[in-house]
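The structure appears right after this line, and notes come after that.
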Amino acid sequence: MTRVRLETRVIRTVLGDIDPATAGVVDSHDHLFLRTPVLAGEDLVEEPDATTAVEQFAAADGGTVVQWTPRGLGRGLPALRRISASTGVHVVAATGRHLGRVYPTGAAEPARSADELAAAFIDDVVRHRCGLIKIGVGPDRLAEDERDALRAAAVAHHATGVPIAVHLEQGPAAELVLAALDADEVDPRSIVLGHLGRNPHVEQILQAARSGAWVCIDAPSPGHPMDPARLARVLENLIDDGHLPALLLGADTTTSASRVRPEEYGPAALLTTVAPQLAQALGAEAVSTITRDNPARAWAFVPSDSTPEQKISPRLSATG
């Protein structure tokens with residue numbers, strides 16, 4: 001008798017793997033901690049503030065926060081574990097590498113080779129329970145270091161199964177990113193495209209969505225204000241083009257200013273302010289699909305049985 005192996009999909013959180021069905025309502029793109037010279041004076045570094053934000057999210061019926069802060073930018077893995085344990089909210093943490101200009105002068109991450117990055121990414125997933133690989137790219141071309149990071153992400157994805165999330169600077173480079181990852185045989189359904197909604201060219205947004213990749217749209221924030229009506233129009237265009245099953249939504253909190261007005265910005269506001277506005281325009285069922293059903297699939301993966309834990313270099317430990 002032939003036995004069929006059932007592939008069990010999980011979402012990897014900082015406290016361990018969970019059944020995707022238990023993720024609940026998901027903030028698919030956020031930052032509980034972030035430290036970068038690009039946002040000097042606005043860093044997200046205070047654990048009590050992050051804890052309060054997650055408590056408010058939980059009070060609004062939030063179930064999971066996906067943090068996109070990658071290596072070397074103060075992502076706060078130990079604090080994320082404490083916050084998840086104390087609030088009961090699942091937290092998905094990122095490995096990966098952002099744009100070089102986002103790092104402090106002399107930081108280690110921008111100087112790593114593709115091989116070093118791949119080893120570090122795998123180490124983060126296997127030993128430090130990171131559940132996504134986040135890569136940052138520029139607006140209209142892929143620099144060589146960005147191509148290195150995408151190659152490393154592909155290697156780590158194939159070794160572990162975790163999805164790849166891409167910071168698109170204003171959105172236009174999606175086609176280049178998708179081509180690069182396709183060359184390394186990454187399935188589009190394992191790719192999450194971030195910040196596409198900031199692209200003013202609707203046809204470019206739709207073209208990226210037609211690739212089959214996940215599309216994560218940002219809610220308004222102090223650094224990136226957006227009229228709720230425009231946000232609804234972006235989502236309507238995507239839904240009309242047949243992409244409701246691929247849409248995600250995130251608060252993308254990147255500055256301490258976002259926490260001054262939690263009723264307008266941040267994880268809780270995503271559910272108490274943004275979601276009701278979108279429900280009026282799109283319908284409550286569509287919003288539920290975007291915040292609950294789709295994330296349960298987008299952030300889930302089948303863990304690889306061949307993750308080469310023994311090959312990880314001990315000097316590439318998790319940072320930030």
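We're numbering straight along the sequence, starting at 1. On a predicted model such as this, the values are computed, not experimentally measured, just so you know.
Contacts of His29 classified as ring pair (Phe, Tyr, Trp, His ring centres under 6.0 Å), with partners at least two apart in sequence or in another chain: His31, Trp68, His195. For Arg261, the salt bridge (Lys or Arg N to Asp or Glu O under 4.0 Å) test picks out Glu264, with sequence neighbours left out. With sequence neighbours excluded, the residues that form a salt bridge (Lys or Arg N to Asp or Glu O under 4.0 Å) with Glu47 are Arg82. Residues passing the side-chain hydrogen bond (donor to acceptor under 3.5 Å, both in side chains) test with Asp43, sequence neighbours excluded: none. Under the rule for a salt bridge (Lys or Arg N to Asp or Glu O under 4.0 Å), Glu46 has no partner lying at least two apart in sequence or in another chain. Applying the salt bridge (Lys or Arg N to Asp or Glu O under 4.0 Å) test to Arg151 and every residue at least two apart in sequence or in another chain returns Glu144, Asp148.
Shortest non-hydrogen contact noted between Pro262 and Ala269 is O-CB, 3.3 Å. Closest approach of Leu80 to Ala93, counting heavy atoms only: CD1-CB, 3.9 Å. In terms of heavy-atom proximity, Leu176 sits nearest to Leu142 at O-CD1, 3.7 Å. Residues Glu146 and Gly136 come closest through the heavy atom pair CG-O, 3.8 Å.
The side-chain heavy atoms of Val137 and Leu168, taken from C-beta on, include a pair separated by under 4.5 Å. Between Leu34 and Leu39 the shortest side-chain heavy-atom distance falls below 4.5 Å.
For the side-chain hydrogen bond (donor to acceptor under 3.5 Å, both in side chains) condition, the pairs that include at least one residue of residues 234-247, sequence neighbours left out, are Arg210-Asp241, Asp241-His243. Among residues at least two apart or in separate chains, there is no salt bridge (charged side-chain N to carboxylate O under 4.0 Å, His left out) pair with a member in residues 87-98. Residue pairs meeting the ring pair (Phe, Tyr, Trp, His ring centres under 6.0 Å) criterion with at least one member in residues 84-108, sequence neighbours excluded, are His98-His167.
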Would you give me the side-chain donor-acceptor pairs under 3.5 Å for residues 220-227, sequence neighbours excluded?
residue : atom : partner : partner atom : Å
Ser221  : OG   : His224  : N            : 3.2
His224  : NE2  : Arg198  : NH1          : 3.1
Asp227  : OD1  : Ala229  : N            : 3.3

Side-chain donor-acceptor distances from residues 12-26 under 3.5 Å, at least two apart:
residue : atom : partner : partner atom : Å
Arg12   : NE   : Asp17   : OD1          : 2.7
Arg12   : NH1  : Val125  : O            : 3.3
Arg12   : NH2  : Asp17   : OD2          : 3.0
Thr13   : OG1  : Leu15   : N            : 3.2
Thr13   : OG1  : Gly16   : N            : 3.3
Thr13   : OG1  : Gly16   : O            : 2.6
Asp19   : OD1  : Ala21   : N            : 2.9
Thr22   : OG1  : Asp19   : O            : 2.7

Tell me which donor-acceptor pairs under 3.5 Å the side chains of residues 280-288 have, and how far apart each pair is, sequence neighbours excluded?
none

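Under the side-chain contact (heavy atoms from CB on, under 4.5 Å) test applied with Ile217, the options Leu231, Leu193, Leu248 reduce to a single match, Leu231.
Put simply, CG on Leu178 and CG on Leu150 are 10.0 Å apart, with the number rounded to the nearest 0.5 Å.
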Test salt bridge (Lys or Arg N to Asp or Glu O under 4.0 Å) on Arg71 and Asp123; report intermediate values, then the result. CA-CA 12 Å; Arg71 295 173 57 88; Asp123 186 36; 5.7 Å; no
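Cluster membership check: Ile135 shares its hydrophobic cluster with Val162, using side-chain heavy-atom separations under 4.5 Å among Ile, Leu, Val, Met, Phe, Trp and Tyr.
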